There are 2 protein chains.
Amino acid sequence: MNKNITLKDVAREAGVSIPTVSRVLNDEKFVSELVREKVKEAAKKLNYHPEWSARSLRLRKTDIIGMIIPSVTDYFFSSIVLGVERYFRRKGKELILFNTSNDEVIEEKAIKLAISKRVEGIVLATICKNNKVIGSMIESFGTPFVLVDNKIEVEKVDFVLADDINGSYKLIRHLIEVHGNREIACISGPFDESSGFDKLYGYKKALVEDDIPVKEDYIKVAHWKKNEAYEATRELLSMKDRPEAIYCMNANMLIGCLRYLNDKEIKVPDDISIVTFDDYDFVSAMNPPITTLERIDLEMGEKAAELLLERINGDGGDYKEIRIGADLVIRKSCGCK
Amino acid sequence: MNKNITLKDVAREAGVSIPTVSRVLNDEKFVSELVREKVKEAAKKLNYHPEWSARSLRLRKTDIIGMIIPSVTDYFFSSIVLGVERYFRRKGKELILFNTSNDEVIEEKAIKLAISKRVEGIVLATICKNNKVIGSMIESFGTPFVLVDNKIEVEKVDFVLADDINGSYKLIRHLIEVHGNREIACISGPFDESSGFDKLYGYKKALVEDDIPVKEDYIKVAHWKKNEAYEATRELLSMKDRPEAIYCMNANMLIGCLRYLNDKEIKVPDDISIVTFDDYDFVSAMNPPITTLERIDLEMGEKAAELLLERINGDGGDYKEIRIGADLVIRKSCGCK
DNA sequence: ATAATATCTGAAAACGTTATTAATATCGTT
DNA sequence: AACGATATTAATAACGTTTTCAGATATTAT
């Protein structure tokens, strides 16, 4: 284990003072070519790496961004992480990842931890619902936040959200207009999360437009979970007025739904049509491929990162709420050829 | 933006000296109950958070781990990230994520960056092949490394790897012994990566055991990629001696393969059998569900984290190479009922 | 009562960097 | 040749913590 090389060592090697080395390495002006060369050479020779905690202590900036998500193995969130990471990598900032495992307590701790690590900003996909805790935490710190995916009641924060209402609306309208479906069920997220609420709103809006009654029995809340969606599908298919189509509001619930259909050898789209909100690689590899909406997760990640950086740099202006829309991706599971 | 509260502020508030506050907050001995209470109260009142760059500068430890992977959106890697994150979270360490996008140059930069950030250790899933650059970089730094997924020629490093040979072997033996298949093709990773090489080795070993000739035409290298696997599947199915079964060596290539089969409406397992190496959520939701091996990615992540921590703490002992094995998960795509 | 010991507290230094300020060298102009 | 302006360098302080180390106080033993 070789002892760390510091500016002091480089300075001695190059025969100059410490600040001069610092100036060279930070590409500042007011240093002669000769010295510049000497210093660079010495730094290279000694294999110098700056001590970043000293730097950030002095500069009062860490170049670190916090990213707090429920689950990195969720297709949706890992894509957002990619978008955020990619953006900040180009800007010379690092990403610290916090995986809350869908646990509100862990989420709270993660926020506190991130703050105490002096991250410059936080991208947060919260699972918090009506709970005011997170909101007041956010407001009590000076650190900028961008919230993705879910909207909660909190001031002075930017939002990057999916256009849940219109996405749902488009999917359901397709089933109605093109396939003449009227008996359309949905496997839903919880309504106390904005994404669940809005997706349901879009679903209802599409039905109401053709005076199709909204049957409460057709709305199954599966909390974005595979297992619950499996069960929900079972219930839907055992109804006497079995639906003609099922709309899954996320990829996990699609998986649960399809598992049930496979187990019972129920044919898609002959026996029942399926549509889902999120397009991931495997969605198009299904048999049949599933009709869905374009992917927006990467775009959401990049946009969130962009907003956060503006806010960090102090030129964010008014707080924004950005909705990212998506067009239909029509495949076969809805009955299209 | 409220100015940061420091030990100094807390000390003044509590009417004690700075070191005393430090001692209280770090739960050290030699401080009276009275003072302890006063300080804690003051810290809470002022909402004190330690300045972590100062702390790590003084303590010469950062509590930060670097995690370098090719792609966080890959099912395999995101699970490893989860395993690593979960382990280190419990140990009070943070995870900085580097996504190299399968680019060797970015990977090199990521390593250097991680080192200069003084991470205490690095979990690396390298895409490096015969290239000696990464190896010599690793050896030149004092920072502990654990390499996952891929093995390269490098000293003084721990490895956590899948038991690629036996996994492949089990899958192919199942096709041979249970289904009597002899014409078995594979869509493979590149052979200059250990995981590709070893998986191919297991595949051949299984064939040779029954004196089944290894046809080079049946081995298609698709570099773990969806698109290339799509093309490979096309080629395989247009051969005059079309195979009875295809073995996909990772989930991405499975997706590409299935996309082609769906496009051409080729039935699994009636027209062709399919097996794959990795089990992910969607693999069991396919129609039919795909026969595969148990998931080991989470275990790999946790194990890698464990080894790295031992190494950081200096009680790692001899360098290890750990192989994690997995049993078959038999579903319907191989022809089983 | 005194000495010895255990317990508590504060002053000062150090970690490695950058910013400020001051000092020196260089140059062109008169 | 002397002056001021400018370019280059060095000395020093500061960022917020923890770690000596020494001093102070309380406790116990003699």
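Owing to the predicted nature of the structure, the values given are computational and were not obtained by experimental measurement. In what follows, every chain begins at residue 1, and chains take the letters A, B, ... in the order their sequences are listed.
Taking atom NZ of residue A:Lys117 and atom P of nucleotide D:dT17, one finds them 13 Å apart after rounding to whole Å. For the pair A:Leu57 CG and C:dA14 P, the interatomic distance rounds to 17 Å; values are reported in whole Å. If you measure from atom NZ of B:Lys61 to atom C1' of D:dT19, you get 15 Å, rounded to the nearest angstrom. In this structure, CD of B:Glu51 is placed 13 Å from C1' of C:dT17, rounded to the nearest angstrom. Atom-to-atom, CD1 of B:Ile18 to C1' of D:dT17 comes out at 9 Å; the value is rounded to the nearest Å. As a whole-Å value, the separation of B:Ile5 CD1 from D:dT17 P is 10 Å. One atom, CH2 of A:Trp52, and another, P of C:dG16, lie 15 Å apart when rounded to the nearest Å. Taking atom CZ on B:Arg118 and atom P on C:dC15, their separation rounds to 14 Å, with Å as the unit.
Not one side-chain nitrogen or oxygen of B:Ser53 sits closer than 4.0 Å to the OP1 or OP2 atom of D:dG16. Between A:Ser22 and C:dT17 there is no side-chain polar atom (N or O) within less than 4.0 angstrom of OP1 or OP2. For A:Arg55 and C:dT18, the shortest distance from a side-chain N or O to OP1 or OP2 is below 4.0 Å. Between B:Thr20 and C:dG10 there is a side-chain polar atom (N or O) within less than 4.0 angstrom of OP1 or OP2. A:Ser17 has a side-chain polar atom (N or O) that falls below the 4.0 Å cut-off from OP1 or OP2 of D:dA10. Close to C:dG16, at under 4.0 Å from its OP1 or OP2, lies a side-chain N or O of B:Arg60.
Of the candidate nucleotides C:dG16, D:dA10, D:dT18, D:dA10 has the atom lying nearest to any side-chain atom of A:Arg23. Residue B:Leu7 places its side chain closer to D:dT17 than to any other of C:dG16, D:dT17, D:dA11.
Side-chain contact check for A:Arg118 and B:Ser53: no donor-acceptor pair (N or O, by modelled atom type) lies under 3.5 Å.
For A:Glu321, the CD atom is densely surrounded, since the number of other residues' heavy atoms within 6.0 Å is greater than 12.
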Checklist line | Check against side-chain hydrogen bond (donor to acceptor under 3.5 Å, both in side chains), A:Thr126 and A:Glu107 | finding: CA-CA 8 Å; A:Thr126 184; A:Glu107 182 174 308; 2.4 Å; yes

Next item on the list: Could you walk me through whether B:Glu94 and B:Arg89 pass salt bridge (Lys or Arg N to Asp or Glu O under 4.0 Å), step by step?
Entry: CA-CA 7 Å; B:Glu94 310 306 322; B:Arg89 180 68 54 211; 2.6 Å; yes

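Among the protein residues, B:Glu28 comes within range of the sugar-phosphate backbone only, with heavy atoms under 4.0 Å from sugar or phosphate atoms but none that close to a base. The residue A:Leu59 sits close only to the backbone: its heavy atoms come under 4.0 Å of sugar-phosphate atoms, none of a base.
Donor-acceptor pairing under 3.5 Å, judged by distance alone, is present between the side chain of A:Arg58 and the base of C:dT18.
In this structure, B:Asp297 contributes its side chain and B:Ile80 its backbone to no donor-acceptor pair below 3.5 Å.
Residues B:Gly15 and A:Pro19 both approach DNA chain C. Their nearest nucleotides, taken by heavy-atom distance, put B:Gly15 toward the 5′ side.
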